[in-house]
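To start, the structure itself, in structure tokens.
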Amino acid sequence: MTNKVKEYADILAEAETTRVGIAPLTSTDSDLTLKEAYNIQLENIHKKVLKGQKIVGKKIGLTSLAMQTLLGVDEPDYGHLLDTMVIENGGRISIEQVLQPKVEAEIAFILKKDLRGPNLTALDVLQATEYIVPALEIVDSRVKDWKIKLADTVADNASSGFYVLGGKPTKVSDIDLELIGMAFSKNGELVNTGVGAAALGNPANCVAWLANKLSEFDIPLLAGEVILSGALSAAIKARVGDSFTARFAHIGQVSVHF
């Protein structure tokens with residue numbers, strides 16, 4: 001680990017603890033590489049694990065062409081899910097737990113077999129999946145005003161906050177992942193809609209990308225892990241008193257309150 005990685009990991013960890021946003025790391029270090037950013041992320045995850053937190057899965061971000069275009073990239077990114085990030089379906093999140101939260105609706109894969117890249121395909125993912133459920137991800141950024149570039153969000157654990165699983169466990173053989181429709185509501189009003197194909201053509205493609213990307217760091221996806229496969233529509237800002245519900249065709253709904 002380089003001094004730079006340790007220094008930036010400490011800065012992000014302090015921002016998370018104090019809930020005070022920081023300037024983008026890339027604003028003062030335009031040479032920050034994607035590999036360094038992932039190592040910053042891994043450093044902070046390692047420190048949390050040493051303190052007793054448990055890795056329970058992974059999340060995939062930037063799966064839509066619109067978000068990739070916005071950040072000027074041509075691939076998704078990923079972050080780690082910890083047991084301290086879990087919110088019960090219909091549960092509440094204190095605004096004191098977050099800085100500048102947004103909510104996304106997506107499909108979660110629960111694995112029954114390990115997945116270790118490289119060269120995995122969507123078919124490998126489907127064969128390794130126990131079931132899918134609807135999910136909400138509460139994304140959050142330790143970078144002030146969400147002024148992020150790719151290396152900033154990667155270093156910040158892909159702007160992870162919390163997540164909620166809901167609905168009913170559904171076998172992937174019982175559903176067409178590309179065609180699953182989703183309606184996303186805020187405070188009872190429809191704010192956007194999405195479909196499975198919005199995530200790299202098929203959410204299983206996202207999970208395959210993740211397993212292959214993690215092979216660069218010799219990290220497998222493990223049986224029992226939760227994999228958030230990427231937002232099916234735009235993230236919506238959350239404030240005190242807001243409630244969010246995502247309803248998915250065939251697999252049920254999931255909700256959270258602030």
Side-chain angles (χ1 to χ4, degrees), residues 9 12 16 34-35 37-49 53-64 67-68 73 75-87 103-122 124-142 150-165 169 172 177 196 199-200 202-232 235 254:
L12 282 165
E16 183 174 4
L34 202 52
K35 185 172 183 179
Y38 276 118
N39 281 324
I40 292 165
Q41 177 189 140
L42 288 169
E43 169 66 10
N44 275 333
I45 293 299
H46 179 63
K47 287 192 291 188
K48 290 181 177 183
V49 168
Q53 297 185 40
K54 181 182 178 183
I55 296 171
V56 294
K58 310 290 189 301
K59 62 149 288 186
I60 308 164
L62 307 181
T63 52
S64 73
M67 284 303 297
Q68 290 181 12
V73 299
E75 69 174 21
D77 69 347
Y78 76 87
H80 289 71
L81 301 179
L82 300 165
D83 57 350
T84 51
M85 298 179 178
V86 182
I87 304 294
V103 185
E104 300 175 340
E106 46 200 276
I107 294 170
F109 288 67
I110 314 301
L111 300 181
K112 62 182 177 183
K113 295 193 299 186
D114 295 357
L115 282 170
R116 183 182 291 272
N119 304 319
L120 296 179
T121 66
D124 295 313
V125 171
L126 297 178
Q127 291 174 339
T129 299
E130 180 72 25
Y131 58 85
I132 59 169
V133 290
L136 293 177
E137 184 185 358
I138 294 83
V139 293
D140 200 7
S141 180
R142 272 52 66 175
L150 180 59
D152 296 301
T153 183
V154 166
D156 190 23
N157 196 27
S159 304
S160 296
F162 297 90
Y163 72 95
V164 190
L165 302 182
V172 288
L177 282 168
L200 295 187
N202 185 319
N205 290 334
C206 302
V207 182
W209 173 88
L210 174 63
N212 292 330
K213 182 69 177 181
L214 285 171
S215 70
E216 298 176 14
F217 300 89
D218 196 30
I219 298 173
L221 300 180
L222 301 176
E225 284 194 330
V226 176
I227 311 299
L228 301 182
S229 61
L232 301 186
V254 58

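Predicted, not measured: the structure shown is a model, and the values here were computed from it. Side chains are part of it too, since the values below use all heavy atoms of this structure and drop only hydrogens, waters and symmetry mates.
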Counterpart residues, side chain to side chain donor-acceptor pair (under 3.5 Å), relative to Asn44 (two or more places apart): Lys47
Hey, mind stepping through Ile219 and Leu42 against side-chain contact (heavy atoms from CB on, under 4.5 Å) and telling me if it holds? CA-CA 11 Å; Ile219 298 173; Leu42 288 169; 3.9 Å; yes
Heavy-atom pair of closest approach, residues Phe109 and Pro203: CE1-CB, 3.7 Å
Between Leu12 and Ala155, what is the shortest heavy-atom contact and its length? CD1-O, 3.5 Å
Would you give the length of the straight line joining atom CD1 of Ile138 to atom CD of Glu104, rounded to the nearest 0.5 angstrom? 9.5 Å
Keeping the roles fixed (side chain from Asp124, backbone from Thr121), state whether a donor-acceptor pair exists under 3.5 Å. yes
Got a sec, which residues hit side chain to side chain donor-acceptor pair (under 3.5 Å) with Gln127, two or more places apart in sequence or on another chain? none
Looking only at non-hydrogen atoms, find the nearest pair between Gly79 and Ala158 and report the distance. N-CB, 3.7 Å
If every non-hydrogen atom of Ala122 is compared with every non-hydrogen atom of Asn205, which pair is closest and at what distance? CB-OD1, 3.3 Å
For the residue pair Pro76 and Tyr38, what are the closest heavy atoms and their distance? O-OH, 4.4 Å
As an exercise, state the distance from OH of Tyr78 to CG of Leu214, rounded to the nearest 0.5 Å. 5.0 Å
Hey, does Val56 have a side-chain heavy atom less than 4.5 Å from the side chain of Val226? no
For Phe162, enumerate each residue passing the ring-ring contact (aromatic ring centres under 6.0 Å, His included) test, keeping only those at least two apart in sequence or located in another chain. none
Going by heavy atoms in the side chains, are Ile110 and Pro169 under 4.5 Å from each other? no
How far apart are the C-alpha atoms of Glu106 and Thr63, what are their side-chain angles, what is the distance that settles it, and do they pass the side-chain contact (heavy atoms from CB on, under 4.5 Å) test? CA-CA 11 Å; Glu106 46 200 276; Thr63 52; over 6 Å; no
Side chain of Ser229, backbone of Ile107: donor and acceptor closer than 3.5 Å? yes
Using the test side chain to side chain donor-acceptor pair (under 3.5 Å), find all partners of Asp218 that sit at least two apart in sequence or belong to another chain. Arg116
Sequence neighbours excluded, which residues qualify as side chain to side chain donor-acceptor pair (under 3.5 Å) partners of Glu137? Lys59
One should read off an interatomic distance between Leu34 CG and Leu150 CG, to the nearest 0.5 angstrom, of 5.0 Å
Do the side chains of Leu82 and Ile45 get nearer than 4.5 Å, heavy atoms only? yes
Output the distance between atom CG (Leu177) and atom CG (Asn202), rounded to the nearest 0.5 Å. 5.0 Å
Evaluate whether atom NZ of Lys112 has more than 12 neighbouring non-hydrogen atoms of other residues, nucleotides or ligands under 6.0 angstrom away. yes
Considering all heavy atoms, the nearest Leu228-Ala108 contact: CD2-CB, 3.8 Å
Answer whether the closest heavy-atom distance between the side chains of Thr129 and Leu111 falls below 4.5 Å. yes
Residue pairs fulfilling side chain to side chain donor-acceptor pair (under 3.5 Å) with at least one residue in residues 150-160, sequence neighbours excluded: Thr26-Asp152, Arg142-Asp156, Thr153-Ser159
Does Glu75 reach the side chain of Lys213, with side-chain heavy atoms less than 4.5 Å apart? yes
Let me confirm one number: the CD1-CD distance from Ile55 to Glu225, rounded to the nearest 0.5 Å. 7.5 Å
Would Val207 and Leu120 satisfy side-chain contact (heavy atoms from CB on, under 4.5 Å), going step by step from the backbone distance to the final call? CA-CA 9 Å; Val207 182; Leu120 296 179; over 6 Å; no
Using a 4.5 Å cut-off on heavy atoms from C-beta on, say whether the side chain of Tyr131 contacts that of Val172. no
Is there a donor-acceptor pair closer than 3.5 Å between any side-chain N or O of Asp83 and the backbone N or O of Gln53? no
Taking atom OG of Ser215 and atom CG of Asn119, what is their separation to the nearest 0.5 Å? 8.0 Å
